[in-house]
Amino acid sequence: AGAAGGGADARCGLMEEGVDYAIDDIWGFNMDHIPTAGWCCAMCWANSRCKAWTWVEDAGLPGCPSQCWLKGGEPPLHGGRVAKLGVISGLPPRRPKLTAVASSMQNTQTHSLFCFSLMRPAGYEVDLLK
């Protein structure tokens, strides 16, 4: 495992060290200078189109040389996992299911939604209330 973030991660699940996910999908892109596989997993989780990710420890970039690839599909059972040194791949953790707002909640005459914000006494926010 090590500093690269391979092995099992409590938030991300199984990370396959030395495995590249070969996925034939139209959607996907890379991000440079992502320092750990855990960060790459988090970037994948944050994008609902991402179904798998691969982190490259040294992509030859200046500074932080690592790179993260977000992929739009899961690796197929046969031929989708390719042995490759210096990479870690995984699937994002489960995303919470979002439900639609009930139609009765959309009626603003019977229900309301309160929004609160923090206001600094000496800040510009005081002028917004005038």
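No hydrogens, no waters, no symmetry mates; every other heavy atom, side chains included, goes into these values.
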Checklist line | salt bridge (charged side-chain N to carboxylate O under 4.0 Å, His left out): pairs with one or both residues in residues 59-70, sequence neighbours excluded | finding: none
Checklist line | side-chain hydrogen bond (donor to acceptor under 3.5 Å, both in side chains) against D32, all qualifying residues, sequence neighbours excluded | finding: N30, Q67
Check: T54: what forms a side-chain hydrogen bond (donor to acceptor under 3.5 Å, both in side chains) with it, not counting sequence neighbours?
Finding: D20, K71, S89
With a 3.5 Å cut-off and sequence neighbours excluded, list the donor-acceptor pairs that the side chains of residues 42-51 form with protein atoms.
| unit_1 | atom_1 | unit_2 | atom_2 | d |
| --- | --- | --- | --- | --- |
| W45 | NE1 | R94 | O | 3.4 |
| N47 | OD1 | R49 | N | 3.0 |
| K51 | NZ | S48 | O | 3.1 |

Next item on the list: Any chance you could pull the hydrophobic cluster mates of W69, using side-chain heavy atoms under 4.5 angstrom and chaining through other members?
Entry: V56, V87
Notebook entry, point to check: If you group Ile, Leu, Val, Met, Phe, Trp and Tyr whenever their side-chain heavy atoms sit less than 4.5 Å apart, what else falls in with V19?
Noted result: Y21, I23, L91
Checklist line | Sequence neighbours excluded, every pair satisfying side chain to side chain donor-acceptor pair (under 3.5 Å) that has a member inside residues 76-87 | finding: E16-R81
Item checked: Spatial distance of atom CH2 (W39) from atom SG (C12) [nearest 0.5 Å] -> 14.5 Å
Check: What distance separates I88 CD1 from T36 OG1, expressed to the nearest 0.5 Å?
Finding: 9.0 Å
Next item on the list: Answer yes or no: is there a side-chain heavy-atom contact under 4.5 Å between M31 and W55?
Entry: no
Check: Side chains of C41 and P93: does their closest heavy-atom pair fall under 4.5 Å?
Finding: yes
Notebook entry, point to check: So, for A52 and P75, which heavy atoms are closest and what is the spacing to 0.1 Å?
Noted result: CB-CD, 4.4 Å
Checklist line | Shortest non-hydrogen contact from I34 toward C68 | finding: CG1-CB, 3.7 Å
